[in-house]
Amino acid sequence: MKVLRSAPELKKWRASVWESSSLGFVPTMGALHNGHLALVQQSLRENTHTICSIFVNPTQFNNPNDLQKYPRTIENDLKLLESVGCSAVFIPSIEDMYGSSVKSDMYELGELEQMLEGAFRPGHFQGVATIVDRLFKLVQPTRAYFGEKDFQQLLVIKKMTTQKQLPIEIIGCPIIREENGLAMSSRNTRLTPQQRNDAAVIYAFLQQIPLGGPKISRLQENAIEFIERLPDFKVEYLEICSVPDFSACTTLQENHNYVACIAVYCGEVRLIDNLQFTYKPTHAKV
Ligand code: AMP
């Protein structure tokens, strides 16, 4: 595996694989786990070469404490990427990505920026769009792989790619979970063993949603009751959006497709998760 530690090194490597038919790209912030590796493995299956990037992007953190405490495990990350057969890893410096001005560019993201993650993390998606756009320019992949764990982020990337008319296929990949159902996340390493155990409650709640309803305000009350009975847990939001248009709903309708999105604080660690489902009220408990 080639380890590329600067933009010039990346450019040289990119030129060396230019003739090969396809390049898959997996952008990450490191502290890699099986969720990241699943993206790399899918890319390896679908492309002749695969490159992963590791860059903790400052402009997407609206909370300086979260940025400072973000786990960094670069040596282990390199071992994991090597073990799955990744072709190259790009580890740029802040200067490579931002020069001397660490600021987001402006993207027209519409409603996506006003709702859920956009509403609770001001500026977050501008930072995400900026870094992914800049990485795309340097890496010039054929396909790029993103987890459905960050469902709204996937929509932001698709929107940015379409707006900029980039010739890159954006591929969403399923959520990889711990044995207890907790969605894998780099932030999980900041939980105590007890919290990590208790955090199974988030997915357990999401799975109940298609069986309840149809009133979403009721589901929101239930989420608070079910999740906040655990010490340290606080629900920031639960919203149910229609798929594919991603508009927030107030009632569920038969045979429609939805995604239930949730953000929960566990102590000072913020966890997000989601579940896609088709509503079948005949199975619902009233
Ligand atoms: P991050 O390092 O958190 O920026 O994540 C990098 C990529 O990995 C993003 O596309 C995430 O959506 C994806 N990802 C993170 N956790 C998971 C997971 N548990 N399952 C699937 N994809 C994930």
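Please read these numbers as outputs of a predicted model, since none were measured by experiment. When a residue number appears, it is its place in the shown sequence, counting from 1. Atoms within each ligand, like the ligands themselves, are counted from 1 in listed order.
Annotation for ligand 1: atoms under 4.0 Å from non-hydrogen atoms of Ile175 are 20 (N), 21 (C). Each of the atoms 18 (C), 19 (N), 20 (N), 21 (C) of ligand 1 lies under 4.0 Å from some heavy atom of Ile176. The Gly35 neighbourhood of ligand 1 comprises atoms 18 (C), 20 (N), 22 (N), with distances under 4.0 Å to a heavy atom of that residue. The Leu39 neighbourhood of ligand 1 comprises atoms 7 (C), 8 (O), 10 (O), 13 (C), with distances under 4.0 Å to a heavy atom of that residue. Every atom of ligand 1 is numbered from 1 in the order shown, and the set under 4.0 Å from a heavy atom of Tyr70 is 3 (O). Atom numbering of ligand 1 starts at 1 in the shown order; those under 4.0 Å from a heavy atom of Phe146 are 10 (O).
When Gly147, Ala144, Ala38 are ranked by how near their heavy atoms come to atom 22 (N) of ligand 1, first place goes to Gly147. For the residues Gly30, Cys52, Pro174, the heavy atom positioned nearest atom 21 (C) of ligand 1 is part of Pro174. Nearest to atom 15 (C) of ligand 1 by heavy-atom distance, out of Arg187, His33, Met29, is His33.
Side-chain contact, Asn188 with Arg196: no donor N or O sits under 3.5 Å from an acceptor N or O. Side-chain polar atoms of Asp96 and Ser6 form no donor-acceptor pair below 3.5 angstrom. A side-chain donor from one of Glu117 and Tyr237 sits under 3.5 Å from a side-chain acceptor of the other. Using a 3.5 Å distance cut-off with no hydrogens or angles, the side chains of Tyr70 and Asn65 do not pair a donor with an acceptor.
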Please lay out, stage by stage, how Phe25 and Phe90 fare under the test ring-ring contact (aromatic ring centres under 6.0 Å, His included).
-> CA-CA 10 Å; Phe25 177 39; Phe90 178 42; 8.2 Å; no

Would you sort out whether Phe146 and Val132 count as a side chain to side chain contact (heavy atoms under 4.5 Å, CB included), showing the intermediate values?
-> CA-CA 11 Å; Phe146 294 87; Val132 173; 4.0 Å; yes

Side chain to side chain contact (heavy atoms under 4.5 Å, CB included) assessment of Lys164 paired with Phe136 | CA-CA 11 Å; Lys164 296 232 150 186; Phe136 279 177; over 6 Å; no

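Using a 4.0 angstrom heavy-atom cutoff, Phe55 does not count as in contact with ligand 1. A heavy-atom separation below 4.0 Å is not found between Arg177 and ligand 1. In this structure, Ala31 has no heavy atom closer than 4.0 Å to ligand 1.
Of all protein heavy atoms, the one closest to atom 12 (O) of ligand 1 is Asp150 OD2, 2.6 Å.
Residue His36 places at least one N or O, backbone or side chain, under 3.5 Å from an N or O of ligand 1. Close N/O approach between Met184 and ligand 1 is found [any backbone or side-chain N/O within under 3.5 Å]. Checking only distances, Cys173 never comes within under 3.5 Å of ligand 1, N or O to N or O. Close N/O approach between Lys149 and ligand 1 is not found [any backbone or side-chain N/O within under 3.5 Å].
Between Cys241 and Met115, the shortest heavy-atom distance links the atoms SG-CE, 3.9 Å. In plain terms, the two heavy atoms of Leu39 and Tyr145 that are nearest each other are CD1-O, 3.8 Å.
Asp77 places a side-chain N or O within donor-acceptor distance of the main-chain N or O of Ala31, the cut-off being under 3.5 Å.
Neither the backbone nor the side chain of Leu154 comes within 4.0 Å of ligand 1, counting heavy atoms alone. Using a 4.0 Å cut-off between heavy atoms, Pro27 contacts ligand 1 through its backbone alone, with no side-chain atom that close. Contacts between Phe151 and ligand 1 below 4.0 angstrom, taking non-hydrogen atoms only, are absent altogether.
Two residues are said to be in side-chain contact when any heavy atoms from C-beta on lie closer than 4.5 Å; Cys52 and Thr28 meet this criterion.
Classification of Lys2 and Glu9 as a salt-bridged pair fails, no side-chain N sitting under 4.0 Å from a carboxylate O.
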